[in-house]
Amino acid sequence: MKIGIEGQRLYRKKKHGMDMVALELIKELQKIDHENEYVIFIKPDEDRNIFEKTPNFKFVELQGGSYPFWEQKALPKAAKAEGCDLLHCTSNTAPLSPKMPLIVTLHDIIYLESISLFKKGGSWYQKFGNMYRRFVVPRVVKKADKIITVSEFERKRIHDFFGFPEKDERLVAVYNGVSEHFKKIDDKTELQRVKNLYGLPDRFLFFLGNTDPKKNTKGVLKAFSNYIKETKDKDLYLVILDYSETELDKLLNEIGDTLIKENIILTGYVVNTDLPAIYNLSTIFLYPSLRESFGIPMLEAMRCGVPVITSNTSSMPEVSGGAAYIVDPFKPEEISQGIKTILSDKKLREKLTEKGRNQAKKFSWKSMAENVLKIYKSVYNNHYKTNQGL
């Protein structure tokens with residue numbers, strides 16, 4: 001069996017959520033499958049040394065211009081030319097005419113949901129991407145041989161949205177994993193290196209912010225403002241990863257508190273290998289998103305022994321498994337109360353830390369890759385039998 005995998009953005013330096021999931025999948029498949037052949041299709045970029053060379057894996061740099069053209073024209077043409085028996089598209093969309101059995105990973109369908117929250121805000125790039133997916137995904141769902149999503153919450157969401165028949169087995173949930181380099185770090189030299197590199201303070205809350213409205217950056221800033229006003233704790237900082245000062249100033253003006261800016265640290269983009277140290281150095285990890293299909297950062301923080309505050313919405317209770325402090329993300333006062341409670345209660349911090357480590361152990365990239373490989377074999381066998389009239 002020759003398996004084609006779409007990894008369009010994997011060679012770019014700044015990799016995010018879906019990119020990291022595809023990256024970990026491919027790395028684990030290299031470890032566990034020495035029988036089948038793989039062709040990974042990637043757009044040329046500068047980060048080319050992320051994969052080990054293995055005999056049954058071929059990495060094809062595929063030119064093709066814009067995202068839609070690359071996916072709709074260049075990718076299916078190249079997959080056919082390479083003789084792929086099936087094609088797995090990993091990032092929410094896929095070619096409308098794949099020329100072979102198609103597996104698509106739908107991490108979420110937020111861009112299809114009629115919620116005003118997600119129609120506002122976000123960059124023009126994000127808005128264009130959502131418009132493209134709104135056109136493509138409903139059509140791809142009808143054609144795909146298998147649809148993988150990342151949680152039971154999202155599986156049910158997709159099932160209901162598209163009106164899947166009750167016994168339709170094309171839609172399955174396969175949990176994401178968490179990388180083993182996220183762990184408790186005792187090396188004080190490494191911790192100090194990262195602390196100096198990113199200008200981190202002694203006490204801080206850690207938040208992965210971006211301009212996507214679902215991340216609830218505005219709510220986090222309101223909560224932090226509430227906390228500072230109520231406690232007068234000027235020694236606690238909020239560290240935000242990968243967020244611009246312009247966007248920060250805009251939100252601080254909207255919430256009516258620009259004074260807390262002196263207690264906010266913007267790190268810029270952080271390479272994945274430095275993230276474990278930042279988690280380790282933090283006091284609490286904030287993940288009160290409005291909507292998530294999974295929530296890998298929660299598990300990363302838990303593996304590093306950091307108490308987590310997360311939401312009572314979407315997949316987050318499912319993935320956190322009772323090992324996080326749960327809040328209503330639409331109520332900043334609940335987030336600030338969570339911060340105060342965890343900081344003032346040592347026994348609670350210890351309890352969340354222990355439960356978090358145990359919860360994170362339930363998720364691995366190896367398990368995810370093993371489940372995906374079973375899906376490849378199932379799709380291939382079903383297609384072969386159908387074509388042979390068996």
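Values below: every heavy atom of this structure, side chains too, minus hydrogens, waters and symmetry copies.
The backbone N or O of Phe153 sits nowhere less than 3.5 Å from a side-chain atom of Ser315 that would complete a donor-acceptor pair. Judged by distance alone, the side chain of Lys99 and the main-chain N or O of Lys77 form no donor-acceptor pair under 3.5 Å. At distances below 3.5 Å, not a single donor-acceptor pair connects side-chain atoms of Glu28 with backbone N or O atoms of Glu370. Checked by atom type and distance alone, the side chain of Asn280 pairs as donor or acceptor with a backbone atom of Lys183 at under 3.5 Å. Between the side chain of His383 and the backbone N or O of Pro101, no donor-acceptor pair lies under 3.5 Å. Looking only at distances, a side-chain donor or acceptor of Asn216 sits under 3.5 Å from a matching main-chain atom of Pro329. Checked by atom type and distance alone, the side chain of Asn263 pairs as donor or acceptor with a backbone atom of Leu236 at under 3.5 Å. Side-chain N or O atoms of Lys15 include one that pairs as donor or acceptor with a backbone N or O of Leu10 at under 3.5 Å. Here the side chain of Gln72 pairs a donor or acceptor atom with the backbone of Ala94 at under 3.5 angstrom. Tyr111 places a side-chain N or O within donor-acceptor distance of the main-chain N or O of Asp108, the cut-off being under 3.5 Å.
A 4.5 Å side-chain heavy-atom check between Pro76 and Leu87 finds every atom pair outside the cut-off. A 4.5 Å side-chain heavy-atom check between Ile278 and Val194 finds at least one atom pair inside the cut-off. For the pair Asp257/Leu221, no side-chain contact is recorded, criterion being any heavy-atom separation below 4.5 Å from C-beta on. Put simply, the side chain of Gln8 does not reach to within 4.5 Å of the side chain of Ile42, judged on heavy atoms. The side-chain heavy atoms of Leu290 and Pro213, taken from C-beta on, include no pair separated by under 4.5 Å. Residues Ile5 and Ile26 form a side-chain contact, since some pair of their non-hydrogen atoms from C-beta on lies under 4.5 Å apart. In this structure, the side chains of Leu106 and Val150 stay at 4.5 Å or more apart for every pair of heavy atoms. Under the 4.5 Å side-chain criterion, counting only non-hydrogen atoms from C-beta, Arg133 is not in contact with Leu112.
The environment of NZ in Lys229 is crowded: more than 12 heavy-atom neighbours from other residues, nucleotides or ligands sit within 6.0 Å. Lys58 NZ: 12 or fewer foreign heavy atoms inside a 6.0 Å radius. When the shell of 6.0 Å around CD of Glu245 is examined, it contains 12 or fewer heavy atoms from other residues, nucleotides or ligands. In Glu350, the CD atom is crowded: over 12 heavy atoms of neighbouring residues, nucleotides or ligands sit closer than 6.0 Å. For Asn49, the CG atom sits in a loose shell: 12 or fewer heavy atoms of surrounding residues, nucleotides or ligands are nearer than 6.0 Å. The environment of NZ in Lys156 is sparse: at most 12 heavy-atom neighbours from other residues, nucleotides or ligands sit within 6.0 Å. With a 6.0 Å radius and a threshold of 12 heavy atoms from other residues, nucleotides or ligands, Lys340 has its NZ atom above the threshold.
Between Glu61 and Arg48 a salt bridge is recorded (basic side-chain N to carboxylate O distance below 4.0 Å). Salt-bridge check for Asp345 with Lys351: failed, with every basic side-chain N at 4.0 Å or more from each acidic carboxylate O. We find that Glu190 and Arg193 are joined by a salt bridge, their nearest charged nitrogen and carboxylate oxygen being less than 4.0 Å apart. Between Asp19 and Arg12 a salt bridge is recorded (basic side-chain N to carboxylate O distance below 4.0 Å).
Side-chain N/O atoms of Tyr38 and Asn56 include no donor and acceptor closer than 3.5 Å. Donor-acceptor pairing under 3.5 Å is lacking for the side chains of Tyr325 and Gln337. Judged by distance alone, the side chains of Glu354 and Asn358 never bring a donor and an acceptor atom under 3.5 Å apart. Counting only N and O atoms by type, the side chains of Asp85 and Tyr376 include no donor and acceptor under 3.5 Å apart. Counting only N and O atoms by type, the side chains of His181 and Asn272 include a donor and acceptor under 3.5 Å apart.
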Check residues 360-368 and write down every donor-acceptor pair under 3.5 Å in which the side-chain atom is one partner and the other belongs to a residue at least two apart or another chain.
{"unit_1": "Lys362", "atom_1": "NZ", "unit_2": "Gln359", "atom_2": "OE1", "d": "3.0"}
{"unit_1": "Ser364", "atom_1": "OG", "unit_2": "Ser367", "atom_2": "N", "d": "3.1"}
{"unit_1": "Trp365", "atom_1": "NE1", "unit_2": "Ser179", "atom_2": "OG", "d": "3.1"}

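Leu62 and Met18 fall into different hydrophobic clusters, defined by Ile, Leu, Val, Met, Phe, Trp and Tyr side-chain heavy atoms under 4.5 Å apart, directly or through other members. Under the 4.5 Å side-chain heavy-atom criterion for grouping Ile, Leu, Val, Met, Phe, Trp and Tyr, Phe207 is connected to Val327 within one hydrophobic cluster. Residues Ile264 and Phe206 are members of separate hydrophobic clusters, defined by side-chain heavy-atom contacts under 4.5 angstrom among Ile, Leu, Val, Met, Phe, Trp and Tyr. Both Val104 and Phe135 belong to a single network of hydrophobic side chains, linked directly or stepwise wherever heavy atoms of I, L, V, M, F, W or Y lie under 4.5 Å apart. Using a 4.5 Å cut-off between side-chain heavy atoms of Ile, Leu, Val, Met, Phe, Trp and Tyr, with links allowed through other members, Phe204 and Leu259 fall into different hydrophobic clusters.
Across every non-hydrogen atom of Arg170 and Asp145, the tightest pair is CG-O, 3.6 Å. Nearest approach of Arg357 to Lys184, heavy atoms of both residues: NH2-CD, 3.5 Å. Across every non-hydrogen atom of Ile265 and Gly199, the tightest pair is CG2-O, 3.9 Å. Considering all non-hydrogen atoms of both residues, Leu29 and Ala369 come closest at CD2-O, 3.9 Å. Residues Thr217 and Asn210 approach most closely at OG1-O, 3.2 Å, considering heavy atoms. When all heavy atoms of Ile342 and Pro307 are compared, the closest pair comes out as CG2-CB, 4.1 Å.
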Self-check item: Audit row: Glu292, Lys215, salt bridge (charged side-chain N to carboxylate O under 4.0 Å, His left out) steps and yes/no
Solution: CA-CA 8 Å; Glu292 294 288 346; Lys215 294 300 181 184; 2.7 Å; yes

Quiz item: Going through the distances and angles, do Phe59 and Phe51 end up as a ring-ring contact (aromatic ring centres under 6.0 Å, His included)?
Solution: CA-CA 9 Å; Phe59 297 89; Phe51 293 110; 4.7 Å; yes

Self-check item: salt bridge (charged side-chain N to carboxylate O under 4.0 Å, His left out) between Lys218 and Glu254, worked out
Solution: CA-CA 9 Å; Lys218 189 174 183 178; Glu254 287 180 12; 3.0 Å; yes

Quiz item: Under the side-chain contact (heavy atoms from CB on, under 4.5 Å) criterion, do Arg157 and Thr149 qualify, and how do the steps go?
Solution: CA-CA 10 Å; Arg157 200 77 176 175; Thr149 193; over 6 Å; no

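Centroid-to-centroid, the aromatic rings of His107 and Phe294 stay 6.0 Å apart or farther. Ring pair Tyr279/Phe182: centre-to-centre distance below 6.0 Å.
Aromatic ring pairs are classed by plane angle as parallel below 30°, tilted from 30° to 60° and perpendicular above 60°; the pair Tyr287 and Phe285 is parallel. Below 30°, between 30° and 60°, or above 60°: for Tyr67 and Tyr132 the angle between ring planes is above 60°, a perpendicular geometry.
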